[in-house]
Enquirer: 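Could you have a look at this structure, given as structure tokens, before my questions?
Quick note: residue numbers are just sequence positions, from 1.
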Amino acid sequence: MLLAVMQAWAQSDTVSADVNRSTEERLSERATLVARHYGQITANRYFQYGTSLSTVSAGWKYRYEKNAIAVWRGNRASTGLFSADSYLRFGGKSAAFIGAEYENGILDNVNWNSTADYELLYPYVLISPATGKVHHERYSFSGGCASRFGRWVSGISGSYRALHEFQRIDPRPRSKVNDLKIEASLSRMIGRNYALGAAADIRIYKQTMDVSYFNEAGAFTPQYHYIGLGQTFGRFDGTTYTETRHKGFGYGFRMSLVPTGSNGFLAAFDYSRLKMNRQLHEINEAPITVLWTDRCEANLAYIAESNAWDYTLSLCGNYERRQGEEAVVDNGLMGEFKILDRHTMYDRHRYCATLNAVAEWHHDHHCITIASEAQVEAEKEQYRDPVSVISHTSLNAGIHAGYRRLSGLWLFSATVSGDYHTCPANRFSISSSVMQELSDLLSYTRLRIMDDCFVLQPRLSVQRRLQQAGAIFISLLYRQLFHSYGVSLAAEISLGYRF
């Protein structure tokens with residue numbers, strides 16, 4: 001049904017061009033970098049592209065690590081996926097966009113994780129020493145539109161994600177996630193070359209999860225309510241309190257300046273806050289922990305186009321703070337489980353600065369791209385009592401080279417990138433009260449972060465136009481990590497149709 005809607009839109013009064021040229025406009029390293037700036041505010045997406053393009057594709061992703069980089073993600077993943085997205089220009093009046101994705105796969109050898117969305121909810125997750133195979137299914141939908149009224153552009157968009165993860169061998173965690181986000185935005189054209197936009201959004205999140213045991217042997221595997229840096233909420237650990245609810249509400253504000261043409265400065269500021277309650281069903285949904293996540297991001301970029309050369313220079317800085325509160329819950333003798341007090345026990349600060357530079361040289365139907373990236377990241381994680389501290393500073397540098405050729409019915413694109421990661425500074429101080437298994441887990445995670453790593457990633461894409469407004473394509477990606485922990489690789493293949 002979604003494909004039928006997209007085809008109907010594409011055949012309506014939209015601004016179309018040769019499908020290969022529209023694809024090339026979106027394919028380069030430079031276009032990907034710039035798209036992030038326009039995509040921050042729905043109203044500014046009106047200025048993002050001059051033509052319409054829709055894509056329907058199916059693909060497969062595979063990941064294998066001899067020793068898992070992050071044990072909570074497992075060391076092997078095999079996933080099939082389907083996606084459809086469309087960006088449509090309706091003359092000078094409006095632009096609309098719609099997208100949908102379905103993903104189904106398996107994460108193998110997952111350890112110390114019984115919760116979906118581990119990175120989002122960390123440290124307040126349910127964990128277990130059991131190693132299992134997680135079945136993963138995800139649906140996501142997004143859509144929006146931006147309409148112009150004189151010098152003003154209004155925009156509205158929304159996205160929804162549904163996630164289901166479960167295991168079929170004891171212990172059997174099962175998680176169901178619903179994640180909704182809605183944004184409203186307004187942008188005004190300033191002079192002839194720029195548009196200044198502002199947006200506000202709200203986010204509603206819910207995850208319900210439980211752990212089942214179908215045989216007595218599995219019932220001896222405990223579940224731990226993790227609270228950070230090796231500590232657990234000991235009162236509720238075990239196999240009794242395993243029905244957990246994560247309920248979140250968030251909001252965000254953004255401002256963004258973008259050029260209405262192909263040259264100029266881009267600047268943006270983004271702030272968001274998310275409050276996440278973790279509730280136990282067995283004690284009348286009492287919220288035993290509350291996680292506050294605050295994020296700030298600032299971007300500044302410059303883009304320039306000429307007859308033969310295109311340039312982009314971008315600087316991005318972001319900061320995230322996670323602060324966790326633990327509840328003091330009464331003994332529940334009256335069946336109420338009142339919250340007597342709360343204490344802030346967990347804190348994490350993360351800083352990141354990234355510099356990107358992209359240059360593209362065009363000649364006839366050929367294009368050569370050179371891009372570089374440098375990044376510095378610092379993180380400090382602390383638990384207050386008993387005191388534990390983990391911190392590190394990492395450096396990342398990469399260079400990317402690409403070649404594209406548009407020749408008649410064919411569009412060919414090839415890129416190769418190399419990235420190097422090192423961690424020159426770290427601190428590791430864990431309380432002696434941490435159980436040995438969790439202390440070993442923290443030590444292993446620290447060693448993986450400290451390990452120097454080189455990543456090599458080639459990508460190839462070939463597209464053939466079938467008619468003026470339609471083309472088929474195949475895209476291949478391979479990634480390998482070179483480090484001291486054995487083989488780590490990933491591969492992706494995608495087949496699709498663009499129109």
Enquirer: How close do Ala304 and Tyr302 get, counting heavy atoms only, and between which atoms?
Expert: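 For Ala304 versus Tyr302, the nearest heavy atoms are CB-CE2, 3.7 Å.
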
Enquirer: Whether Arg89 engages the ring of Tyr46 as a cation-pi pair (distance to the six-membered ring centre under 6.0 angstrom, angle to the ring normal within 45°) should be assessed.
Expert: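 Yes, cation above the ring, under 6.0 Å and within 45°.
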
Enquirer: Are side-chain N/O atoms of Glu297 and Asn299 paired as donor and acceptor at under 3.5 Å?
Expert: yes

Enquirer: How far apart are the C-alpha atoms of His362 and Asp310, what are their side-chain angles, what is the distance that settles it, and do they pass the side-chain hydrogen bond (donor to acceptor under 3.5 Å, both in side chains) test?
Expert: CA-CA 8 Å; His362 302 267; Asp310 297 340; 2.9 Å; yes

Enquirer: Ignoring hydrogens and angles, state whether a donor on the side chain of Glu65 or Ser488 is under 3.5 Å from an acceptor on the partner side chain.
Expert: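 Note: Glu65 and Ser488 side chains miss the donor-acceptor criterion.
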
Enquirer: In this structure, are over 12 heavy atoms from other groups packed under 6.0 Å from His366 atom NE2?
Expert: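 Yes, the 6.0 Å shell around NE2 holds more than 12 heavy atoms from other groups.
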
Enquirer: If you draw the axis of the six-membered ring of Tyr485, does the NZ or CZ of Arg448 fall within 45° of it and under 6.0 Å from the ring centre?
Expert: yes

Enquirer: Tyr64 ring centre to Arg76 NZ or CZ under 6.0 Å, with the angle to the axis within 45°?
Expert: no

Enquirer: Might you work through the side chain to side chain contact (heavy atoms under 4.5 Å, CB included) test for Val358 and Thr369, ending with a clear yes or no?
Expert: CA-CA 7 Å; Val358 181; Thr369 301; 4.0 Å; yes

Enquirer: Can you give me the closest heavy-atom contact between Ser187 and Asn44, atom names plus distance?
Expert: OG-OD1, 2.8 Å

Enquirer: Are the aromatic ring centres of Tyr351 and Tyr319 under 6.0 angstrom apart?
Expert: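 Tyr351 vs Tyr319: aromatic centres under 6.0 Å.
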
Enquirer: Once the angle between the rings of Phe141 and Tyr160 is folded into 0 to 90°, is it parallel (under 30°), tilted (30 to 60°) or perpendicular (over 60°)?
Expert: parallel

Enquirer: Asp117 and Tyr205: side-chain donor and acceptor closer than 3.5 Å?
Expert: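 There is such a pair between these side chains.
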
Enquirer: Using a strict threshold of under 4.0 Å (side-chain N to carboxylate O), is an ion pair present between Arg321 and Asp294?
Expert: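 Salt bridge absent between Asp294 and Arg321.
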
Enquirer: Could you check whether atom CZ of Arg188 has more than 12 heavy atoms from other residues, nucleotides or ligands sitting under 6.0 Å from it?
Expert: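 Yes.
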
Enquirer: Would you say CD1 of Ile169 has more than 12 non-hydrogen atoms from neighbouring residues, nucleotides or ligands within 6.0 angstrom?
Expert: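 Not buried by this count: 12 neighbours or fewer within 6.0 Å.
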
Enquirer: So is Arg45 actually on top of Phe97's ring, under 6.0 Å and inside 45° of the axis?
Expert: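 Positive - Arg45 is close enough to the ring of Phe97 and near enough to its axis.
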
Enquirer: Test Glu492 against Lys61 for salt bridge (charged side-chain N to carboxylate O under 4.0 Å, His left out), laying out the working first.
Expert: CA-CA 4 Å; Glu492 297 181 18; Lys61 296 189 297 184; 5.4 Å; no

Enquirer: Between Glu165 and Arg138, does a side chain to side chain contact (heavy atoms under 4.5 Å, CB included) hold up when you go through it step by step?
Expert: CA-CA 9 Å; Glu165 291 188 347; Arg138 176 179 63 86; over 6 Å; no

Enquirer: Under 6.0 Å between the ring centres of Tyr271 and Phe269?
Expert: no

Enquirer: Using the six-membered ring of Tyr118, assess whether NZ or CZ of Arg73 lies under 6.0 Å from its centre and within 45 degrees of the ring axis.
Expert: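 So Arg73 doesn't make the cation-pi contact.
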
Enquirer: Are any of the side-chain nitrogens in Lys181 or Glu183 under 4.0 Å away from the carboxylate oxygens of its partner?
Expert: no

Enquirer: Tell me whether the centres of the aromatic rings in Tyr62 and Trp60 are closer together than 6.0 Å.
Expert: yes

Enquirer: Any chance the rings of Tyr49 and Tyr87 have centres within less than 6.0 Å?
Expert: yes

